[in-house]
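The first residue in the sequence is number 1, and the count goes up from there. Both ligands and their constituent atoms are indexed starting at 1 by order of listing. Computed from a prediction, not measured in an experiment: that's the story for all the values here.
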Amino acid sequence: MQPAMAETPEISFRHVGRTYRGRSGYTEALQHIDLSIAQNEFVSLVGPSGCGKSTALMLMAGLDQPDSGQVEVEGKKVIEPSDRVGIVFQDATLLPWKSVMENVLYPARIRGIPVKRVEPQAAALLELLGLERFKDRLPHELSGGMRQRVGICRALAYSPRVLLLDEPFSALDALTRDEMNLLLLELTESLRQTVVLITHSIQEALLLSDRVLVMSARPGRIIADISVPFERPRRPADVLHSPDFRHLEAQIRDLISGHEPGSSARTPNALFRQRLESFRQQIQTQTQNIV
Ligand SMILES: Nc1ncnc2c1ncn2[C@@H]1O[C@H](COP(=O)(O)OP(=O)(O)O)[C@@H](O)[C@H]1O
Ligand SMILES: [Mg+2]
């Protein structure tokens with residue numbers, strides 16, 4: 001079931017653009033992004049590598065500022081990071097010399113928040129994610145999946161309204177990734193927070209989200225906004241075997257590879273063959289010129 005759009009969206013982008021200025025010139029990462037994410041909605045962002053997904057997430061987190069337009073969370077312009085927004089990256093970025101519990105409490109320590117206030121929530125989260133026995137361990141003693149779970153606990157320790165996940169499972173093996181998907185599905189269905197997930201896995205996006213936003217290649221624009229129809233609570237087996245799932249998966253895959261859904265005219269292979277043919281002709285012409 002898709003949550004009703006509240007009057008004030010939890011996250012909104014109005015005509016947002018972001019261009020990076022580097023030594024080698026300008027990179028227009030995002031162009032005219034308009035989006036609206038409701039409270040408690042789970043939205044995935046999918047699109048080709050380099051299309052500006054992480055940039056969009058950094059803007060939501062207040063870790064970067066747009067060059068044009070406005071980003072709002074809870075109806076307020078985002079100007080800096082806030083406790084209301086938690087973020088998890090592909091690498092859990094844990095401090096290697098600190099214990100699991102200390103890593104979860106670390107943001108509280110650096111912000112001067114009394115640790116006593118956060119500790120009960122941190123302990124409850126570690127227990128919920130099956131890490132209570134590991135709270136005194138160091139990160140190198142944990143598996144990759146466990147480290148990502150610690151990262152999720154750290155992001156949730158302040159009960160943020162919004163949870164941002166930037167490819168949190170893409171460095172994990174397939175089995176651990178499936179386990180993490182199930183865990184995140186159960187966690188988000190019971191906590192009902194607003195979640196934005198960046199993923200390369202269309203399957204992951206469809207299993208977890210209420211909506212999938214598909215982005216074009218750079219400069220990133222939103223080219224499709226797809227509602228995911230599966231009832232909650234979801235069981236992965238039901239979702240993955242439904243005909244709707246296969247249909248949506250194919251539609252999103254087609255969109256990402258830059259083609260109209262259902263079109264078979266210009267598959268990547270056809271494009272490659274076209275380039276190969278023109279390359280072959282060029283070589284032929286050059287060879288004839290030499291002879
Ligand atoms: N700090 C930066 N400085 C210059 N270019 C950047 C910076 N961050 C990202 N980019 C460029 O902006 C584009 C979008 O990057 P990113 O948002 O990381 O894409 P995605 O997460 O979709 O792979 C890419 O071409 C990337 O190289
Ligand atoms: Mg990225």
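- Less than 4.0 angstrom separates some heavy atom of Arg218 from each of these atoms of ligand 1: 13 (C), 25 (O).
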Result block: side-chain N/O donor-acceptor pairs under 3.5 angstrom for residues 124-135, not counting sequence neighbours:
none

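- Nearest residue to atom 22 (O) of ligand 1 from Glu28, Lys53, Met58 is Lys53 (criterion: closest heavy atom).
- Of all atoms in ligand 1, listed by their number and element, those nearer than 4.0 Å to a heavy atom of Ser54 are 17 (O), 18 (O), 20 (P), 21 (O).
- Between Ser49 and ligand 1, a contact under 3.5 Å exists for no N or O pair.
- Under a 4.0 Å criterion applied to the non-hydrogen atoms of Gly50, ligand 1 contributes the atoms 13 (C), 14 (C), 19 (O), 20 (P), 22 (O), 23 (O), 24 (C), 25 (O).
- At a distance under 4.0 Å, no protein heavy atom can be found next to atom 27 (O) of ligand 1.
- Ser170 and Glu167 form a side-chain donor-acceptor contact under 3.5 Å, judged by distance and modelled atom types alone.
- For the pair Met180/Ile152, a side-chain contact is recorded, criterion being any heavy-atom separation below 4.5 Å from C-beta on.
- Between Thr27 and ligand 1, a contact under 3.5 Å exists for no N or O pair.
- In terms of protein heavy atoms, atom 19 (O) of ligand 1 is closest to Gly52 N, 3.2 Å.
- Contact of the Glu231 side chain with the Asp238 side chain is not registered, since no non-hydrogen atoms from C-beta on lie closer than 4.5 Å.
- Arg192 has its side chain within reach of Arg232: a pair of non-hydrogen atoms, C-beta onward, lies under 4.5 Å apart.
- The protein atom (non-hydrogen) at minimum distance from atom 4 (C) of ligand 1 is Tyr20 CB, 3.3 Å.
- The contact set between ligand 1 and Thr55, taken as ligand atoms under 4.0 Å from a residue heavy atom, comprises 15 (O), 16 (P), 17 (O).
- The shortest N or O to N or O distance between Cys51 and ligand 1 is under 3.5 Å.
- Glu74 has its side chain out of reach of Gln39: every pair of non-hydrogen atoms, C-beta onward, lies at least 4.5 Å apart.
- Inter-residue side-chain proximity for Gln193 and Leu156 is flagged as met; some heavy-atom pair is nearer than 4.5 Å.
- Protein nitrogen, oxygen and sulfur atoms, that is N, O or S, within less than 2.8 Å of the Mg ion (ligand 2) amount to 1.
- With respect to Asp34, the side-chain hydrogen bond (donor to acceptor under 3.5 Å, both in side chains) criterion is satisfied by exactly one of Arg221, His15, Arg14: His15.
- If you check the side chains of Ser54 and Asp166, you find a donor sitting under 3.5 Å from an acceptor.
- Looking at Arg18 and Asp64, their side chains come closer than 4.5 Å, going by heavy atoms from C-beta outward.
- Put simply, the side chain of Pro233 does not reach to within 4.5 Å of the side chain of Glu186, judged on heavy atoms.
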